[in-house]
Every structure is written in C-alpha cells, then in structure tokens.
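Would you mind keeping the following structure in view while I ask a few things?
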Amino acid sequence: MKPTAADVLIDRLIDWGVDIVFGLPGDGINGIMEALRTRQDRIRFIQARHEEAASFMACAYAKWTGKIGCCLATTGPGGVHLLNGLYDAKFDRAPVLAITGLPYHDLVQTSTQQDIDHVRLFADVAEHTAAITGAAQVEDAVALACRTALARRGVAHLAISVDVQEQKLDADKPSPRNKAGTSLAYVEGPHPPAEDAVRAAVDILAAGQRVLILAGQGALGAAEELVFTAELLAAPVAKALLGKAVLPDDHPHVTGGVGYLGARPSQQAMDACDTLLIVGSGFPYIEYYPKPGQVKVVQIDIDPARIGLRYPVDAAVVGDAALCLKALNGRLTPKADKAFLEQAKAWKAEWLEALRAGADRDSAPIKPQRVVRDLNDRLADNAVIAADCGHNTGLTAQYVEIRSDRRFGVSGTLASMGGGLPYAIAAALAFPGRQVVTVVGDGGLAMSLAELATCARYRLPVKVVVLNNGSLGQIKWEQMLFLGNPEFGCELAPIDFAKVAEGLGLKAWRLENPQDCGSAIDTLLAHDGPALLDVVVDANEPMLPPKRRPEYMEKLQKALSRGTPHRAEIETALTEEPARTSLES
C-alpha cells in the first residue's frame, strides 16, 4: 500500500527519535491514529484521559530524557486543551512537538464544527507553528519542527487537516522547487565561551570576598565543574527549584533552595554575599535576589537573550555551563578565606534542625512536614520525584533531599497545578524499573485525577502521596501574607482520594494518625504497582518564606485580625518550628 501523509508523519517522527506520543484520540486525527496503530512496534501511543495531561506528560518526558516530547490532539477543543502543558514547556525550555488535527481542508476557517485556527492559536506558545497542506510537505514540515524544538529548546506545532492525513503521497505532486529532499541531520555542537568574557568574569570572582553561586537547571550537566568552582571560590551553592537535582543536598557547599519555596540559609547567604555567580538559572522571584547595587554579578547562560533577565549583570559568559565553568576553573586560584562558607554551613545546620523539629511533631491532624520527611527517609537513592504546585511544592523542596542518582521535576516557571501526576507518569515511562513518586496537594490532584486510571491501564508503578488539607494552601497563605486579606474561597470540598483511587484501579490507603505515618509510607512504597496514600494533614500549618520579610508579617497580622478562620490554631502554629525560625529577624 502506498503511504499516506499520516504514514509519512509518523515515520519521520520515528526517524527523529520520537518513541512515545501522548494524546487522546479524536475524529480529527483518525488518520494519524491509524498510522500509529500500524507502527506499534516502533513507537508507543500513551492514551491520556485529558489532552492537558498529555501535554504535561510530553513536557516532562522531554525534561526527563532530553528527547523530543510529543503530544497529539484532535481538532478544535482538543488542541486548546494542550496549551497549558505546552506553556510549561515554553517557560522551562523543554523541546516538545505538538500535533493537532484540523477540519477538512476546504472547510478550514468557515466556522464549521471545531474550526479553531490552531496555527494562529499556537503562535504565542510555539517557536514554530505551521499547517500541513499536502502529503508532499510532510517530510520537510516534520524536519523543521523537530529541529526547531531541539535548537530553540521550546515548542513546535504542526496542524494537519483530517482529509490531508489520508492523502496518498503520490497523489500530491511536489512543486517544481521541491527537489532537494529532507535532511535528518541535527547536531548540538559545543558552545564554548569567549575568552574575553571568561577573563572579565574571573576578575570579578577573584575580587569577591563573599561569593555565592545560584545554580539552575542549566547546570544539570555540569555538576563536577560546579563543585570545583565552588571549592575554588569557597562559595555556598543555592539552588533554584528547577536546579534542585544539580548537586546533592548534603553536599557541604549546598545551602538548599532559594526564594519563596526555598531554604533559609540560601536567603541568608543571598543577603550577605558581595558577589553572585548565576549558572544556568532564570529564577523568577526578583525580590529574593540581593538588593540592587549590593553585589557584582557574573551570569553563565547558553542563551544570550537571557543574560540580565532577572538582575543586572557585570560580566556575561555565554555558552554551555560545563564548558564555561571549566574555563573559569582554569583561571581561578583557590580562596584562602572560607569564613563566608563556614557561616553558610552554620546557617544550614540551624535550618535543618528547625525542619527536623517541625517534622517531629505528633499532633493531629498530621503535620505535612512529617509526611514528606518520612517519605524522604524511605526513598530509594535513584528515586524520581515529581511535585505538583502549591503548598506541597515548598514542602517537597525543603524536605525531599537530592542524593546519589535522584531526579526531581516540577512545573517550574509556569507553576501550574495539575502537573504532578502527569510528570510522574512520564517519569515511569522514561525510567522503567526506578522508583517514581509524586507529592501532590488535594487541589492539584483533583485537576488531573483521571490520570490515575492511566497509571492503572499501563501498569505504571507510580506512588502518589496526597497532602490532603481541604484547602488551596498556597493561595490561602498568599492572600494573608501578600495582601493582608482574610482567607476566602480557598476551602475545598472534601474528597476521599483513597476511595476514588480504588475506583480507578489503584491500591490506596487513607492515613490520619501521625504515629502510623512511617509504616504507611513503607506499605505504599512496597506495593508492586500504582498506589496512592491519602494523608489528612493540618490545614492551618503555616506556609512562610524561609526568611521574614517585615511587610509579610504586618499583612499576616492584619489578615488574622480581620477574621481569618481558625485564627487561634494559626497563631499557635506560628510559635512552632519551622515557622518560628522563619519569623525570626
């Protein structure tokens, strides 16, 4: 049989290394689904229960593997549903290809059923978006889309009408100019830094007396070079959330996360440093950087457009993080004065003690810190951990330690709720045989709840830990801390996620007694298959920045005095760790 446009499309995806397509069937992509059906031995189709989850899975798969993540959706609303996960890929710079259907080619833009102009719709999220108008165009269109997604570390999008999918390749005669053929060549070459940039950076770093390193996801492949740089500079290393897995949390130079969801010693180091080296990070919370004029800044980034994006830079080193750090290391001389590093270590010890005290509390409802700490103590050294967005993110960032070969993923700059479970599903597919755990809140899990059925269908051994506080916890605390307003609209209708999970095909348990926390997590992790632990946790446990900002505390007191529910419980919790340490000057 002569190939159709859809056949060529899937064959070229395979040529470009795409091994999984995440999506949901629809009548606008039936030709593509048939091409996938007949190629099941070479490419896998994973059926999500919602297109948004499929796009999160594609984004996460790209992050986990470095390959092109691919998602597929039908015409009209199917394509619309992809957008959230694609914006996650855009903001966190993951190479993703989205493929969507269009109505019959002669009815496009005539207000026929599901007639949404996907090419125009995707123009903001995608580095490249195009419609395929004939079978002869497919090879070139796929090559350009895949090459663009990889080169620009972002989203590419192709739309194809339902009848064009079925068009035979020999029925679409190429134009006279279409003779060159398509190249599959793509090489990501080295990006060495310029010599003059390295010299300027070395001068600044050598002059600094209190140097701090901020490492992000761009440093994930440069751990060895980063450690050497930190040792030469006697520098603490703070990690942006997307860079959590750059270095182990127990490394003597690491102070932990930074910012609103970070660790207090990182913020103390940020406040005290006189020189800042930013390596592969676009950490977005500008208010947590040093005060303007306080520091000299060197930034390393592979993308020159991102230099100075968050903070004024005195020296820019553009290139691959490992190559740039190696060039710096060859010129730097070791700093003899380690007082700043020793101070950071002392701050870290104090903070870890506060975290420990917070997790050791036995009161009921269960303190959420207890759950995540006990989980961390039981995770495998090569565990893959995904977090959702909300109060659970900060708890995971603070209590789950990176050590050995652990990996960590989250919807970072977009910070979208609902991504934790799809990220874990992608991890289970990317790393078969490894322990995969996701920590989610009840708000975020409710958004992607049906994907529990996806875990069951494909027998993916994902372990889900639900911090169920009946509240949109982060929003509740932001209302009070940022605005001084009493909590409003954040309370959630109760869901027994254990019962729901059982109905969707998972083994599940509900936990309410803090004394049973460790044993319940043991049972969860030991289960052979997908499983869920629904933990009822304290809804009044504070979510505070790791270091006090006076304006936040003033607004919190205002919110409490204006009638925030459960004021007495909140005020009691503020006197306990780790909130007490966060409230100290």
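Computed from a prediction, not measured in an experiment: that's the story for all the values here.
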Salt bridge flag under 4.0 Å for residues R42 and D19: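 No, this pair does not count.
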Counterpart residues, ring pair (Phe, Tyr, Trp, His ring centres under 6.0 Å), relative to F283 (two or more places apart):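 Testing F283 for ring pair (Phe, Tyr, Trp, His ring centres under 6.0 Å), a comparison that skips the adjacent residues, returns Y285, Y289.
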Closest heavy-atom pair and its distance - G418, D388: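 What the structure gives for the nearest pair is N-OD1, 2.9 Å.
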Heavy-atom pair with the smallest gap, counting every atom of I307 and D301: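 Scanning both residues, the minimum pair turns out to be CD1-CB, 4.0 Å.
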For A321 and G218, work out which heavy atoms get closest and say how close.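 Minimum heavy-atom separation between A321 and G218: CB-O, 3.3 Å.
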Salt bridge check, D15 against R12: does any charged N sit closer than 4.0 Å to a carboxylate O?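 Yes, charged N to carboxylate O under 4.0 Å.
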Charged N to carboxylate O below 4.0 Å: is that the case for D249 and K239?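 So D249 pairs with K239 through a salt bridge.
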Less than 4.0 Å between a side-chain N and a carboxylate O, is that true for R373 and E401?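 Judged by the 4.0 Å cut-off on N to carboxylate O distance, E401 and R373 do not form a salt bridge.
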Could you tell me whether the side chain of S161 and the main chain of P103 form a donor-acceptor pair under 3.5 Å?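 Between the backbone of P103 and the side chain of S161 there is a qualifying donor-acceptor contact (under 3.5 Å).
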Of the options I20, I99, L86, which is the one that meets C71 in a side-chain contact (heavy atoms from CB on, under 4.5 Å)?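 Result for side-chain contact (heavy atoms from CB on, under 4.5 Å) with C71: L86.
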Identify the residue among L467, L532, V466 that makes a side-chain contact (heavy atoms from CB on, under 4.5 Å) with V440.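 Of the listed residues L467, L532, V466, the side-chain contact (heavy atoms from CB on, under 4.5 Å) partner of V440 is V466.
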Tell me if the centroids of the rings in H128 and H157 come within less than 6.0 Å of each other.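 That pair fails the under 6.0 Å test.
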Taking atom CZ of R120 as the centre, report whether more than 12 heavy atoms of other residues, nucleotides or ligands fall under 6.0 Å from it.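 It does not: R120 CZ has 12 such atoms or fewer within range.
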